[in-house]
Amino acid sequence: MQILCSTGAIIGRPNGRNYRLLETVAPQLDCDGFEFILYNNWYDQVKEITDYLNSLRLNIPVMHCEKTLAEHITRGGEEELSEAYRLFRINCEMAGNLNAKKMVMHLWNGVISDSKFENNLAAYEKLNEISEDFGLDLLIENVVCHKDPMTHWLELHDWYPDIHFIF
């Protein structure tokens, strides 16, 4: 068993999402590694952040996909889905470059959350294929929503019996 610290507990809005804090904070933590979370305002810095994290030699076995990505899926339509898959690939590529083996994802999220859950349900298959292309195990995380997370998990499991969840 590994005890991982989410970088979301260290890096956030109050400190300007300063990922460079990991250099001084990480050595002070008694954990086996980190779950690195990508923020939506970092897409233009992915290579720089990846290179920086690799220079620190942190153990990052899990990456948390950027949280607002699922809003594109919920809105639906060809353009929104295309954007969601494009962004997800960036997340997966970064995870691969960090040597992560698992990708945590909020399949529904934000103000519109699960208002059109059928879109999120249908998108899972493609998201899982993309994650597998990068050698990642996709884990769907429970998220507060209009219904309740367990109902969605059960529906996802009915459609995709081999799906993996994280609580």
Side-chain angles (χ1 to χ4, degrees), residues 1-9 11 19 31-43 45-47 49-50 53-54 58-110 112-167:
M1 179 172 75
Q2 289 188 320
I3 304 297
L4 303 179
C5 177
S6 171
T7 59
I11 304 165
Y19 61 87
C31 63
D32 300 308
F34 296 88
E35 175 196 62
F36 184 78
I37 184 167
L38 182 66
Y39 288 110
N40 62 349
N41 62 323
W42 286 353
Y43 281 110
Q45 303 171 65
V46 166
K47 182 175 180 353
I49 294 169
T50 304
L53 292 172
N54 282 329
L58 298 176
N59 177 29
I60 303 175
V62 179
M63 180 153 161
H64 195 300
C65 183
E66 187 263 304
K67 292 179 179 182
T68 64
L69 188 153
E71 293 175 29
H72 293 286
I73 297 168
T74 300
R75 282 191 288 272
E78 189 176 322
E79 195 173 306
E80 291 283 356
L81 278 175
S82 180
E83 180 65 357
Y85 297 143
R86 182 186 76 80
L87 295 174
F88 188 67
R89 277 188 186 86
I90 292 170
N91 281 260
C92 289
E93 182 176 5
M94 183 178 194
N97 289 332
L98 293 172
N99 296 312
K101 301 298 177 214
K102 297 180 185 298
M103 174 66 77
V104 174
M105 181 180 192
H106 292 183
L107 188 56
W108 55 95
N109 187 59
I112 63 172
S113 189
D114 58 339
S115 60
K116 296 180 185 172
F117 187 70
E118 64 276 6
N119 294 344
N120 307 75
L121 183 66
Y124 171 80
E125 185 172 12
K126 178 72 173 174
L127 295 166
N128 194 48
E129 287 173 13
I130 294 168
S131 66
E132 287 177 347
D133 288 345
F134 287 90
L136 298 166
D137 181 11
L138 180 58
L139 309 174
I140 303 303
E141 187 171 20
N142 61 312
V143 184
V144 175
C145 53
H146 297 293
K147 259 189 170 178
D148 66 271
M150 185 56 77
T151 298
H152 291 324
W153 273 3
L154 292 172
E155 191 171 2
L156 280 160
H157 187 264
D158 285 346
W159 278 58
Y160 308 102
D162 294 331
I163 193 170
H164 294 157
F165 300 106
I166 187 167
F167 179 77

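Index from 1, following the sequence. Heavy-atom basis, side chains included; hydrogens, waters and symmetry copies ignored. Fair warning: this is a prediction, and the values are worked out from it, not measured in the lab.
Ring-plane geometry between F165 and H157 is classed as tilted, the angle between the planes lying from 30 to 60 degrees on a 0 to 90 degree scale.
Of all heavy-atom pairs spanning R89 and F134, the tightest one is O-CZ, 4.0 Å. The nearest pair of heavy atoms linking I73 to N119 is O-CB, 3.1 Å. Across L127 and F88, no two heavy atoms sit closer than the pair O-CE2, 3.2 Å. Among all heavy-atom pairs drawn from N54 and N97, the shortest one is ND2-O, 3.1 Å. Of all the heavy atoms in S131 and C92, the pair that sits closest is CA-SG, 3.9 Å. Shortest non-hydrogen contact noted between K116 and R75 is NZ-O, 4.0 Å.
Here the CG-CZ distance, from N142 to F167, works out to 5.0 Å after rounding to the nearest 0.5 Å. K102 contributes atom NZ, which lies 15.5 Å from atom CE of M63 (distance to the nearest 0.5 angstrom). To the nearest 0.5 angstrom, N128 atom CG is 11.0 Å from M105 atom CE.
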Legend entry - E155 vs F117, side chain to side chain contact (heavy atoms under 4.5 Å, CB included): CA-CA, chis, key distance, verdict: CA-CA 10 Å; E155 191 171 2; F117 187 70; 3.7 Å; yes
Inset, instruction - For side chain to side chain contact (heavy atoms under 4.5 Å, CB included), just list the numbers for Y124 and Y160, CA-CA rounded to whole Å, side-chain angles, deciding distance to a tenth of an Å, and then say yes or no. - result: CA-CA 9 Å; Y124 171 80; Y160 308 102; 3.5 Å; yes
Legend entry - Worked verdict on L156 versus L107 for side chain to side chain contact (heavy atoms under 4.5 Å, CB included): CA-CA 10 Å; L156 280 160; L107 188 56; 3.8 Å; yes
Legend entry - side chain to side chain contact (heavy atoms under 4.5 Å, CB included) assessment of H152 paired with V143: CA-CA 10 Å; H152 291 324; V143 184; over 6 Å; no
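A 4.5 Å side-chain heavy-atom check between H164 and I166 finds every atom pair outside the cut-off. The shortest side-chain heavy-atom distance between S6 and H64 does not fall under the 4.5 Å cut-off. In this structure the side chain of W108 never reaches within 4.5 angstrom of the side chain of L121, judged on heavy atoms.
Residue Y39 forms a ring-ring contact (aromatic ring centres under 6.0 Å, His included) with just one option from F36, Y43, W42, and that option is W42.
More than 12 heavy atoms of other shown residues, nucleotides or ligands fall within 6.0 angstrom of atom CD in Q2. Annotation: E125, atom CD; neighbour count of heavy atoms from other residues, nucleotides and ligands within 6.0 Å does not exceed 12.
Remark: the backbone N or O of T151 is paired with a side-chain donor or acceptor of D148 at under 3.5 angstrom. Judged by distance alone, the side chain of T7 and the main-chain N or O of I37 form a donor-acceptor pair under 3.5 Å. Looking only at distances, a side-chain donor or acceptor of D32 sits under 3.5 Å from a matching main-chain atom of I3. Checking side-chain atoms of N91 against main-chain N and O of L38 turns up no donor-acceptor pair under 3.5 Å. Not a single donor-acceptor pair under 3.5 Å links the side chain of S113 to the backbone N or O of C145.
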